Trainee: 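Dumping the structure here so I can ask a few things about it.
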There are 2 protein chains.
Amino acid sequence: MVEEATVKRSARVTRQRILDAATLRFSQHSYDETTLRDIATDVGVDVALVHRAFGSKEELFEQAVKSTIDGDFQQAAQAADPGLAMTSHFVQSRLSPASGRADPLNILVHSLNSHRANPILRELVQQDFIQPLAARLPEGELGAALAIACLAGVALLRDVLGIAALRMADDEEIRPIVAKLMRACLGPTAEPDAHGVRPPQ
Amino acid sequence: MVEEATVKRSARVTRQRILDAATLRFSQHSYDETTLRDIATDVGVDVALVHRAFGSKEELFEQAVKSTIDGDFQQAAQAADPGLAMTSHFVQSRLSPASGRADPLNILVHSLNSHRANPILRELVQQDFIQPLAARLPEGELGAALAIACLAGVALLRDVLGIAALRMADDEEIRPIVAKLMRACLGPTAEPDAHGVRPPQ
DNA sequence: CAGCATCGGTCAACGTTCGTTGATCTCGAT
DNA sequence: ATCGAGATCAACGAACGTTGACCGATGCTG
């Protein structure tokens, strides 16, 4: 109330509010089920404005995806032990808080099978998930892709399908298994610890 | 021309042809992208007939899902070493042949985020994937759910997203890693073999 | 063999929803 | 007061699942 009076009609601000609303919607619903009219209602503007602000629904979706990419995951991928860092990042950022928050993985698992969203999400996974992870691996992209596949699969069954066993499970119950999954995919980069366990093959 | 004279108009046969065409479509495309008109064209009948033969699109989808459930997976889940059996079943039935064949996992990963298909697929995963697997596990449903999540994730990134690293990979390159994933989720139920490896926790 | 009821199948259309677009209004700075 | 940009309004065109009315062959009945 003290600051900015009535917010001044600003395309810049409105565009951002639309993008935020769209990002949240796309993190909770699929591309096909998310309507420009829904987003417009959230923001409190007309449908036409939502459309014109980004040119097309597809463009809006792409911008929404990009807006959720922060450095957190890339940092985790380049940690000393990527598997462990990614596990922590995964468990802390997805399981503990509400699962509906704006997040690239949430958007990914909610719109995987819309053919409009497909190429955009493929590039997201390739560029922002697999590549930063594969850069530090001897196995190349295969291990990285499999690691991402595991995380995406868990998120899918938990948040999209709503499998009870995954919704109810405690974070610390899932963490060690996810850690094992990451290790299986990324290789035992670090942690040649006290056990000295080597995989059979 | 010599064989079967115009096949005699039979609802039984036509219904089966519709179901087969629908099953194949649903194994390659999402619920939303699959049109009753597409299925009708495949079979060579009218749209109305496709609809009336099953009452609704949703019912047709449910029947298509059920028609793909064979005993193969359940057999694998109840093998001496479920992880190993499931790995073989997964690698052989999905990676080697064309990925577009009629298969419950294919249907699952293609229609996960349609809210119409969602409850049907949730029940499929719960009843036909998780439960037969969890019945033999000390960890209960959690381990089974995570194992299914891994397989679904790999299938998703490979066949729906089309991640190159997974499409190009040789079967025998993926198999050992998938085997490790299964072992991480299901625990070393069998195979207390020469290695005697115990998980750290 | 003729008539008829029935079932498999088609045809045309409805009602809804969606992304999209052109014309129009309205606020705000100059 | 004016002009442009922000925002709205109304509508289009396409696509979908769904429905009621209508054909045509099949097979039973007399």
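Chain A is the first sequence line, chain B the second, and so forth, proteins listed ahead of strands; every chain is numbered from 1. Small disclaimer: the values here were computed from a predicted structure and weren't measured. Any value given below was found using the heavy atoms of this structure, including those in side chains, with hydrogens, waters and symmetry copies removed.
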Trainee: What pairs meet the side-chain hydrogen bond (donor to acceptor under 3.5 Å, both in side chains) rule with one or both residues in residues 12-22 of chain A, with sequence neighbours excluded?
Mentor: A:Q16-A:D20

Trainee: Could you tell me which residues satisfy side-chain hydrogen bond (donor to acceptor under 3.5 Å, both in side chains) with A:D42, sequence neighbours excluded, listed by chain and number?
Mentor: A:R25

Trainee: What is the per-nucleotide protein-contact pattern of nucleotides 1-6 of chain D, from the 5' end, where B denotes a base atom under 4.0 Å from a protein heavy atom, S denotes such proximity for sugar-phosphate atoms only, and - denotes neither?
Mentor: -----B

Trainee: Applying side-chain hydrogen bond (donor to acceptor under 3.5 Å, both in side chains), can you list everything that pairs with B:S88, at least two apart in sequence or on another chain?
Mentor: B:R175

Trainee: Which residue pairs pass the side-chain hydrogen bond (donor to acceptor under 3.5 Å, both in side chains) test with at least one member in residues 47-61 of chain A, sequence neighbours excluded?
Mentor: A:E59-A:Q63

Trainee: Report, one pair per line, the protein and nucleotides 15-18 of chain C atoms (nitrogen or oxygen only) whose separation is under 3.5 Å.
Mentor:
unit_1: C:dC18; atom_1: OP1; unit_2: A:T35; atom_2: OG1; d: 3.1

Trainee: List in numerical order all residues of residues 18-29 of chain B for which some heavy atom is under 4.0 Å away from an atom belonging to DNA chain D.
Mentor: none

Trainee: Taking ring pair (Phe, Tyr, Trp, His ring centres under 6.0 Å) as the definition, give me every residue that meets it alongside A:F129, ordered by chain and number, with sequence neighbours left out.
Mentor: A:F73

Trainee: Going by the salt bridge (Lys or Arg N to Asp or Glu O under 4.0 Å) test, which pairs reach into residues 67-78 of chain A, not counting sequence neighbours?
Mentor: none

Trainee: Can you give me every donor-acceptor pair (side chain of residues 146-155 of chain B, partner residue at least two apart or in another chain, under 3.5 Å) with its distance?
Mentor:
none

Trainee: For A:E173, what residues pass the side-chain contact (heavy atoms from CB on, under 4.5 Å) criterion, not counting sequence neighbours?
Mentor: A:A169, A:D170, B:L142

Trainee: Please list all pairs passing the side-chain hydrogen bond (donor to acceptor under 3.5 Å, both in side chains) test where one or both residues lie in residues 126-135 of chain A, with sequence neighbours left out.
Mentor: A:Q126-A:E141

